[in-house]
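Scroll down for the structure; my scribbles are underneath it.
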Amino acid sequence: MAEPYDPQAVEAKWQQRWEADGAYQVENDGSKPPYYVLCMYPYPSGAAHQGHVRNYTFGDLLVRQRTMQGYSVLSPIGFDSFGLPAENAAIKTGIHPRRFTEARIEELKSSLKRLGASYDWRREIHSHDSQYMHWNQVIFQSFFDAGLAYRKNAPVNWCPGCQTVLANEQVLADGTCERSGDLVEKRDLEQWFFRITSYADELLSALDDLEWPERVKVMQRNWIGRSEGAQFRLPVQDSDDQIEVFTTRPDTAFGMTFVVLAPEHPLVAPSTKSEQADEVRAFVERVRNESDIERLSSEGPLDKRGVFTGSYAVNPFTGQLVPIYLADYVLMTYGTGAIMAVPAEDQRDYDFAKAYGLPIVRTVQPPADWEGEAYSGDGPRINSEWLNGLTDTAEAKAKAIDWLEEQERGERTVNYRLRDWLLSRQRYWGCPIPVIHCPEDGIVKVPAEDLPVLLPDDVEFRPTGESPLRYHSEFLNVTCPKCGGPAERETDTMDTFVDSSWYFLRFCDPWLTDAPVDLAAATRWMAVDQYIGGIEHAILHLLYARFYTRAMADRGLSPVDVREPFERLFTQGMITMDGSKMSKSRGNLISPEKYFDSVGADSLRLFHLFVGPPGDDFDWGDQTDQMIEGCSRFLGRLWRMALPDGAASAGSSEVDDEMDKEVHRLIARVNGDYERWSYNTAVAACMEFLNSLYKYVQSPSGYSSTAVGFAVDSLLLLLAPMAPHITAELWERRHPEAEPLHVQPWPTADESKLVVDEVTMVVQVNGKVKDRLSVSPAVTESAAAELALASTRVVEALAGRSPRNVIARPPRLVNVVV
RNA sequence: GCCCGGAUGGCGGAAUAGGCAGACGCGACGGUCUCAAACACCGUUGACCGAGAGGUCGUGCGAGUUCGAUUCUCGCUCCGGGCACCA
């Protein structure tokens, strides 16, 4: 009886071996070609869940395969260790976020190690490391110097009960605070922003060249939301004020019959006539107290959604007066906060015009069969003086803009939906923003020699929702570095997306003590050749990282020519349960530990690879455990076959060309599957091959042990990135003198052994399979047709009828048509 | 509303360039081994008709192109995701 496979003993042995040998440590000055594989570093929420297992299995597979292929593979790992959950836990339990987080990191690390994931652990980064915070702050100050980080007033969610600002996520759908239940108000408060909009154009256009999933690129394009048009000014009647509007359809401006301002627009007060004042004030007040969600989702009658100011502006195209309205659907945050309304060509303006009895003037002739209301398609211009007759919208637009520019009333502009990144958080557990507010000197950077600004540990976590830093007088009260007078330290901390926006650059040389990024090391490794993570980061994290990489390059903080952080991106599918995302709060997490303790990590890894395409979601269900068992059974079969005294230990020493060819076909097939991330079919191919190997060694006519030896060794090499422990152990037992499996060269198929002498040709009659013939792969069209017509099965099916047509596609198929 | 995906046996999925639908695994059924069980191994397994040979149907629905469509085109249905008064 062969020795049974003991996954726990074997896996522990190899994990220790790899770590002790530094098997996946790479140096920055190696001679092998560099390759950078990175999985999105995790938020440490405790022991790993199946989503982590899947993510890190894909990443580890690639690291191991590229290493065998001769690359020097950079495979770092770190932890996104700042963030709200730790602080909320502190408020609840009194445990300091640092202690809480570090304990969670240890749990997660232990899971990753038991998975057998291979990292250069010397490069580990935590975003709350004081070193990392230091460089975070240096980068921030550099951005501040360049005007890329700035402060401005922004409308934020303010909870009167908690006396603090809330993140959008903390405001419930009904506009109340998730903690106190109070109605959340909008307040203008000073916040920190990154000027990501100044990179909008580049962030958009550079997407085209990235090897990213198309849907992620589409999401980013929509998020940036570029639109071309014109911006122009309308004089307000009896006033020096001018209303600036943005439009993508300047060609329809002759049909502008009113103007609409956002309720927050600065010209609202000056344009409000006294007889309208009460109504306007009530309206503005009401909109102000509506949550964003209410305001943006309201679908009710339009007559409650606007109000007349009593004033008029001049439409520069017609010279006519048009009334100025306010409406809640005009947003202060997009364009200029004011629009020209053209009801004939815009449905929402049309509805508004109907509700308020405003005139509708068509400037584009709709087609004769047009039955709709507003018409936004092409057509001849009418009622538009010097645009009349033009049918091409682009041409009409260009002409309208030229006219505006000639008249100096407006100009061609591009508008983006993208807004600057609000990065300040009124929270403790994040990286402090390194500035001081001085009543005399304004905002002053914390001097370089005083960096990093660290978080004081002796703070009290009170359930006020406000940052404990505000109550820490030692932290708060400082002297101004410029004038020496009393000043206050900034108590806002940075959004945790800041931490994850450049960690991949730091990994290149995390030991560097005089700059955030080593330019030489980053030049060698960047861009990340393969980035792997969840689709949920399609917009924010990936966009911020792309912005940061550019801004750092432009500030000399990273290599100038590295403008994109992630060359290739793979977004793996989610693990769900009954269709919803697995999460701690839902209580449906399935821990990998129980599988490590039973079938072992290799079986679980293999299952995750085998269960379906890596990009698809997988629903964890009743049969899942049995599928994992199936993977474990396969590894058991592999074990018994591959043990030196196992299933195939007694064959003859003759050569077997047929078996050899089968092995080369397997190698070619699995390599193809690896390259296109089709791991499920790669596993299937290996299973199929092992099945046929069992048939081979059990065949009564005997087998070649040389051929089986080559077959098993090849299988071990191909499976090494997927199931690294069991394959390493078997390799060592089979080849005690050889180098270990993970440094063996990756197998490639011998092209000459892929040619076959015979293939199966399908013969159809009227598209229905009637026969299968064995033919030479070089069979000619006429020979194939002849063979097909000679088949007795075909003759029977024809029943005397003569074929009308014979379509031969040698050597795969012949279709006889009657 | 707009933009992207997706739909194949009892289940997860395969079919890489329009050419054998259902690889591989799970489950189910039958068997071998065993006192019995576990493990392992062997066989069957899309539906329907047929004793069998074999036949008919079959990739969400309806059309179309083609000798031939899971694959391409058009029109729907359902499910999932993203954006959503963006001027």
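So you know, we letter chains A, B, ... as the sequences are listed, proteins then strands, and number each from 1.
- Contacts of A/Val762 with the nucleic acid, taken as non-hydrogen atoms under 4.0 Å apart, include base atoms.
- Closest to the A/Arg637 side chain, of the nucleotides B/C4, B/C41, B/G19, is B/C41.
- Ranking B/C42, B/A87, B/G27 by closeness to the A/Gln626 side chain, first place goes to B/G27.
- With rounding to whole Å, A/Leu543 atom CG is found 14 Å from B/C83 atom C1'.
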Return a single string for nucleotides 44-50 of chain B, one symbol per nucleotide in 5' to 3' order, where B is base contact, S is sugar-phosphate-only contact and - is none, cutoff 4.0 angstrom on heavy atoms.
-------

Pair pattern of RNA chain B in dot-bracket, where unpaired bases get dots and | marks partners in another strand, Watson-Crick or G-U under 3.5 angstrom
(((((((..(((......[....)))((((((.......))))))((((....))))..(((((..]....))))))))))))....

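- For the P atoms, the distance linking B/G43 with B/A23 amounts to 15 Å, nearest Å.
- The CZ atom of A/Arg605 sits 5.0 Å away from atom OG1 of A/Thr57, with the distance rounded to the nearest 0.5 Å.
- To the nearest whole angstrom, the two P atoms, one in B/C74 and one in B/U65, are 15 Å apart.
- With 3.5 Å as the limit, one finds a donor-acceptor pair spanning the side chains of A/Ser791 and A/Asp771.
- A/Glu629 places its CD atom 13 Å from the P atom of B/A38, with the value rounded to the nearest Å.
- Counting distance only, with no hydrogens placed and no angle test, the side-chain atoms of A/Asn222 and the base atoms of B/C83 include no donor-acceptor pair under 3.5 Å.
- B/A87 atom C1' lies 12 Å from atom NZ of A/Lys397, rounded to whole Å.
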Which letters describe nucleotides 8-17 of chain B, given B = protein heavy atom under 4.0 Å from base, S = only from sugar-phosphate, - = neither?
--BBBSSSB-

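- Here B/G9 is in the syn range [glycosidic angle within 90° of 0].
- Environment of CZ in A/Arg419: sparse, with no more than 12 heavy atoms of neighbouring residues, nucleotides or ligands closer than 6.0 Å.
- When the C1' atom of B/C4 is taken as reference, atom NZ of A/Lys217 falls 14 Å away, rounded to whole Å.
- The side chain of A/Gln764 lies closest to B/C20 when the candidates are B/C86, B/C20, B/C3.
- Phosphate contact (OP1/OP2 of B/C41, side-chain N/O of A/Arg640, threshold under 4.0 Å): present.
- Phosphate contact (OP1/OP2 of B/C20, side-chain N/O of A/Asn815, threshold under 4.0 Å): absent.
- A gap of 15 Å separates the C1' atoms of B/C79 and B/U8, to the nearest Å.
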Between A/Glu662 and A/Ser692, is the side chain to side chain donor-acceptor pair (under 3.5 Å) condition met? List the steps.
CA-CA 10 Å; A/Glu662 210 177 310; A/Ser692 86; 2.8 Å; yes

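- Going from atom OG1 of A/Thr197 over to atom OH of A/Tyr416 covers 9.5 Å, rounded to the nearest 0.5 Å.
- In terms of polar N and O atoms assigned as donor or acceptor, the side chain of A/Arg809 comes within less than 3.5 Å of the base of B/G19 in a complementary pairing.
- For the OP1/OP2 pair of B/G82 and a distance below 4.0 Å, the side-chain nitrogens and oxygens of A/Arg221 include no atom meeting the criterion.
- Taking the six-membered ring for Trp and the full ring otherwise, the centers of A/Tyr325 and A/Tyr356 sit less than 6.0 Å from each other.
- In this structure, CH2 of A/Trp223 is placed 16 Å from C1' of B/C2, rounded to the nearest angstrom.
- Nearest-nucleotide mapping onto RNA chain B: of A/Thr247 and A/Glu688, the residue sitting toward the 5' end is A/Glu688.
- Nucleotides B/U66 and B/C61 have their P atoms positioned 23 Å apart, rounded to a whole Å.
- Aromatic ring centroids of A/Phe352 and A/Phe258 lie under 6.0 Å apart.
- Distance from the side chain of A/Ile807 is smallest to B/C67 among B/A87, B/G55, B/C67.
- Under a 4.0 Å N-O distance rule, the pair A/Glu211/A/Lys217 does not qualify as a salt bridge.
- When the P atom of B/G19 is taken as reference, atom CD of A/Glu781 falls 17 Å away, rounded to whole Å.
- Using a 3.5 Å distance cut-off with no hydrogens or angles, the side chains of A/Glu675 and A/Asn671 do not pair a donor with an acceptor.
- One C1' atom belongs to B/C33, the other to B/A37, and the distance between them is 12 Å to the nearest Å.
- Interatomic distance, A/Leu754 CG to A/His664 NE2, rounded to the nearest 0.5 Å: 8.0 Å.
- Rounded to whole Å, the C1' atom of B/C20 lies 14 Å from the corresponding atom of B/A69.
- Looking at the side chain of A/Val330, the nearest of the listed nucleotides B/A87, B/C20, B/G82 is B/A87.
- The aromatic rings of A/Phe246 and A/Tyr334 sit perpendicular to each other, their planes meeting at more than 60°, with 30° as the lower class boundary.
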Test log, rule ring pair (Phe, Tyr, Trp, His ring centres under 6.0 Å), inputs A/Phe610 and A/Tyr679:
CA-CA 6 Å; A/Phe610 180 57; A/Tyr679 302 129; over 10 Å; no

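- Across all strands, A/Gly225 comes closer than 4.0 Å to no nucleic acid atom at all (heavy-atom distances).
- Between A/Lys768 and B/C67 there is no side-chain polar atom (N or O) within less than 4.0 angstrom of OP1 or OP2.
- Separation of the P atoms belonging to B/G5 and B/G75 is 15 Å when rounded to the nearest angstrom.
- Separating the CD atom of A/Glu536 from the C1' atom of B/G80 is a distance of 15 Å, rounded to the nearest angstrom.
- Judged by the 6.0 Å distance and 45° axis criteria, A/Arg54 is not positioned over the aromatic ring of A/Phe618.
- Counting only N and O atoms by type, the side chains of A/Arg637 and A/Asn691 include a donor and acceptor under 3.5 Å apart.
- Following rounding to the nearest Å, A/Arg633 (CZ) and B/C41 (C1') show an atom-to-atom distance of 12 Å.
- Place A/Asn766 and A/Ala684 on RNA chain B by their nearest nucleotides, and A/Ala684 ends up nearer the 5' end.
- To the nearest whole angstrom, the two P atoms, one in B/A38 and one in B/U45, are 25 Å apart.
- The nearest pair of heavy atoms linking A/His265 to A/Met332 is CA-SD, 3.7 Å.
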